[in-house]
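Down below is the structure, laid out as structure tokens.
For ligands, and for the atoms within them, numbers begin at 1 and follow the listed sequence.
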Amino acid sequence: MDTNRLSKPIEDILNKQVKKEADAAQIYLSYAIWADSEGYAGVANLLFRHSGEERNHMMKVIEYIQQRGGKAKITALAAPPKDPKNLQECFEKIFQHEVDNSEAIYEIVYLSQKEKDWATWNFGQWFVKEQIEEETLVMNLLDKLKVAGGPNATSESLLYLDEKIGQQEDDADFARDASVANP
Ligand code: OFO
């Protein structure tokens, strides 16, 4: 008896998302290493933690596929992007990445609506909400950098900004309480 409750297109798009989340974890990891090497310890801390969060997103999708009787697929990962030139480019690239990811989530929700797969539609809503938070998080980083002087920020203002971002750790509950159930 076939107990798979996911259609082939839904299972495929969810598996595409598994890879996207794994790729995202690699992107954040590579930018975190870049930030650390540049001396931005606060930014590196945030990005390292966020990499873990992306991996938890991947696990959440895998768990859902398995729970619905499908089969999650693990594939090769994309190479991470090359190092950014500066913090401005780092935050801009991350923002673009999050927007692209939101689009991918919307595609899942759209397809599930088209197929009347309300379980997947409901599952997708968690990610829709999460993407609002993630886009806001990066918009706030860009805003802070703008106030610090943007691409022309002085070393002093960047040092101050980095310290401030590093201090975000305690109120960043996404990182503090992260788990598969609560990524
Ligand atoms: Fe950056 O978010 Fe996953 O989905």
ask   = If you look at every heavy atom in Ile27 and Pro81, which pair is closest and at what distance?
value = CG1-CD, 3.8 Å
ask   = Are Lys8 and Asp12 close enough for a salt bridge, meaning some N to O gap below 4.0 Å?
value = yes
query = Going by atom types alone, do Gln17 and Glu21 pair a side-chain donor with an acceptor below 3.5 Å?
reply = yes
Presence of salt bridge, Lys129 and Glu133, under 4.0 angstrom = yes
key: Proximal ligand 1 atoms for Phe127, defined as those under 4.0 Å from one of its heavy atoms   = 4 (O)
message = In terms of relative ring orientation, are His57 and Trp126 parallel, tilted or perpendicular, with 30° and 60° separating the classes?
response = perpendicular
request  = Give me the protein N, O or S atoms that fall under 2.8 Å of atom 1 (Fe) of ligand 1, sorted by chain and residue number.
outcome  = Glu54 OE2, Glu98 OE1, Glu98 OE2, Glu134 OE1
request  = Determine which pairs satisfy ring-ring contact (aromatic ring centres under 6.0 Å, His included) with at least one residue from residues 70-108, sequence neighbours left out, and list them in order.
outcome  = none
